[in-house]
Amino acid sequence: MKQVPFHPEELDLFFKQLWKKSLNPFWICKPIADDFEMILANPAALALDPRQKPGTKFSELVASGKYPDGILDGYHKCLADKMPLEFEQTPVINGKEYLFRTFLVPIVDAEDKVTHIWGTSHNLTDFIDPQRELLMINQYLDAKVQERTAQLNDAMRRLEKLTITDELTQLANRRYFDDALKREIGRAKRNNQPLALIYFDIDYFKTFNDTYGHTAGDKCLRRVAQVLSRHAQRAADVVARYGGEEFVMLLPNLTCKQALQVAERVRTAVTDLAIPNADTVAGIVTISAGVAVIKESSASADTLLKLADNALYQSKSKGRNCSLIAD
Ligand SMILES: Nc1nc2c(ncn2[C@@H]2O[C@H](COP(=O)(O)OP(=O)(O)OP(=O)(O)O)[C@@H](O)[C@H]2O)c(=O)[nH]1
């Protein structure tokens with residue numbers, strides 16, 4: 001279908017009305033040196049920002065701090081490429097941040113020179129508010145999930161600790177020790193290194209309980225446990241409450257002689273506590289120890305425990321308050 005040409009007067013009428021009545025801002029500017037100068041802005045543009053009046057330099061608009069620095073880049077690109085261009089900009093007008101999708105069209109003269117740039121914008125601000133709200137809700141939910149995950153991890157860590165900790169002494173419990181023993185035996189064999197185990201047992205603890213009561217007995221167990229903890233300082237050392245008044249210490253890569261020295265240091269430190277145990281030979285709380293060290297590659301956890309237990313039995317038989325190595 002052939003297009004009916006407009007009369008120039010009609011065209012003038014159309015454009016004048018479009019210019020005047022459009023709700024979209026329109027403006028025409030021209031390049032001046034490194035800047036752009038506003039030639040004309042329609043009522044919608046002026047209603048949005050009255051500073052866009054004719055004669056205003058774009059650098060002045062940017063200098064007001066209300067327009068993003070990059071806004072001029074779009075105009076320079078349009079000028080250089082002589083091609084229509086669209087980009088988004090977020091000016092702050094009267095304290096409110098807007099989002100505009102801006103379209104620029106270069107007006108080129110007969111000598112292929114850009115004389116003017118025609119611009120228009122679509123105001124997309126109404127779309128970003130719900131988006132922002134959604135983003136804030138998302139951020140809030142993310143933070144909540146992170147907080148709950150941290151709480152859950154914390155609870156799991158506490159639960160995990162509870163399952164491997166002796167409640168009275170806060171040392172590792174037998175369950176943890178049994179696992180550690182298996183693990184360390186495997187490591188000692190693989191690395192061809194010694195692994196020492198010391199079995200400790202408080203002497204005449206029944207007498208202590210009978211004399212001072214169960215609560216004092218608990219307190220005594222806690223104090224002895226602290227002494228043991230202090231003497232198992234390397235990261236791989238494990239000290240555990242093995243049962244009632246029995247404790248074990250696992251010392252990777254320690255020779256028999258070195259382990260005996262540790263046992264003796266613990267024994268002496270317990271006597272240094274000088275906790276009275278009146279109805280006994282020593283008159284104070286003492287401890288006996290049995291030391292065993294893994295030697296052959298065939299040695300198992302049971303063998304090591306049995307050896308240390310035998311050595312402890314010998315310490316008890318020899319009168320207690322001493323440390324002996326398993327034969
Ligand atoms: N207070 C208290 N006593 C405990 C606990 N667990 C075990 N005992 C007591 O530890 C005592 C162990 O007594 P025995 O096995 O006869 O050993 P002992 O009196 O230390 O004698 P020897 O080991 O031969 O020197 C018992 O009286 C138990 O009741 C505890 O958690 N708290």
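Each residue takes its place number in the sequence, starting with 1. These numbers were taken from a predicted model, which means no experiment stands behind them. Start at 1 and go down the list; that is how both ligands and their atoms are numbered.
- Distance from atom 25 (O) of ligand 1 to its nearest protein heavy atom, with residue and atom name: Tyr204 N, 2.7 Å.
- When only modelled atom types and interatomic distance are considered, Thr169 and Asp166 share a side-chain donor-acceptor pair under 3.5 Å.
- Residues Asp35 and Ser59 have side chains that bring a donor and an acceptor to within less than 3.5 angstrom of each other.
- Annotation: Leu168 places no N or O atom under 3.5 Å from an N or O atom of ligand 1; distance criterion only.
- For atom 20 (O) of ligand 1, the closest heavy atom belonging to the protein is Phe205 N, 2.6 Å.
- Under 4.0 angstrom from ligand 1, there are no non-hydrogen atoms of Thr215.
- The line from CG of Leu195 to CD of Glu184 is 6.5 Å long, rounded to the nearest 0.5 Å.
- The aromatic ring centroids of Tyr242 and Tyr199 lie less than 6.0 Å from each other.
- A donor-acceptor pair under 3.5 Å links the side-chain atoms of Lys82 to the main chain of Asp112, judged by distance alone.
- Under a 4.0 Å criterion applied to the non-hydrogen atoms of Ile202, ligand 1 contributes the atoms 20 (O), 23 (O), 25 (O).
- Atoms of ligand 1 lying under 4.0 Å from at least one heavy atom of Gly217, given by number and element, are 1 (N).
- A donor and an acceptor atom, one from each side chain of Thr125 and Asn123, are located under 3.5 Å apart.
- At under 3.5 Å, not a single nitrogen or oxygen of Asp203, backbone or side chain, sits near a nitrogen or oxygen of ligand 1.
- With a 4.0 Å heavy-atom cut-off, ligand 1 is reached by the side chain of Asn209 but not by its N, CA, C or O.
- In the model, Asp203 has a side-chain atom that pairs as donor or acceptor with a side-chain atom of Ser288 under 3.5 Å.
- Aromatic ring centroids of Tyr75 and Phe58 lie under 6.0 Å apart.
- Within the structure, the closest approach of Glu246 to ligand 1 does not fall below 4.0 Å when heavy atoms are considered.
- Listed by number with element, the atoms of ligand 1 under 4.0 angstrom from any heavy atom of Asp201 are 23 (O).
- Nearest to atom 12 (C) of ligand 1 by heavy atom, out of Glu167, Glu245, Arg320, Lys219, is Glu245.
- Electrostatic pairing of Arg101 and Glu86 counts as a salt bridge here, judged by a charged N lying under 4.0 Å from a carboxylate O.
- Note: an N/O pair closer than 3.5 Å links Lys206 and ligand 1 by distance alone.
- Ion pairing between a basic and an acidic side chain is recognised when a charged N comes within 4.0 Å of a carboxylate O; Asp81 and Lys77 show such pairing.
- Remark: minimum distance from atom 22 (P) of ligand 1 to any protein heavy atom is reached at Lys316 NZ, 3.5 Å.
- Near Gly244, the atoms of ligand 1 lying under 4.0 angstrom from a non-hydrogen atom of the residue are 6 (N), 7 (C).
- Here is the list of ligand 1 atoms found below 4.0 Å of a heavy atom in Arg241: 5 (C), 6 (N), 30 (C), 31 (O).
- Polar contact with ligand 1: absent for Leu221 (N/O pair, distance under 3.5 Å).
- The distance from ligand 1 to the heavy atoms of Asp218 drops below 4.0 Å at these ligand atoms: 1 (N), 2 (C), 30 (C), 31 (O), 32 (N).
- Inspection of the Thr303 and Ser300 side chains reveals an N or O donor paired with an N or O acceptor under 3.5 Å.
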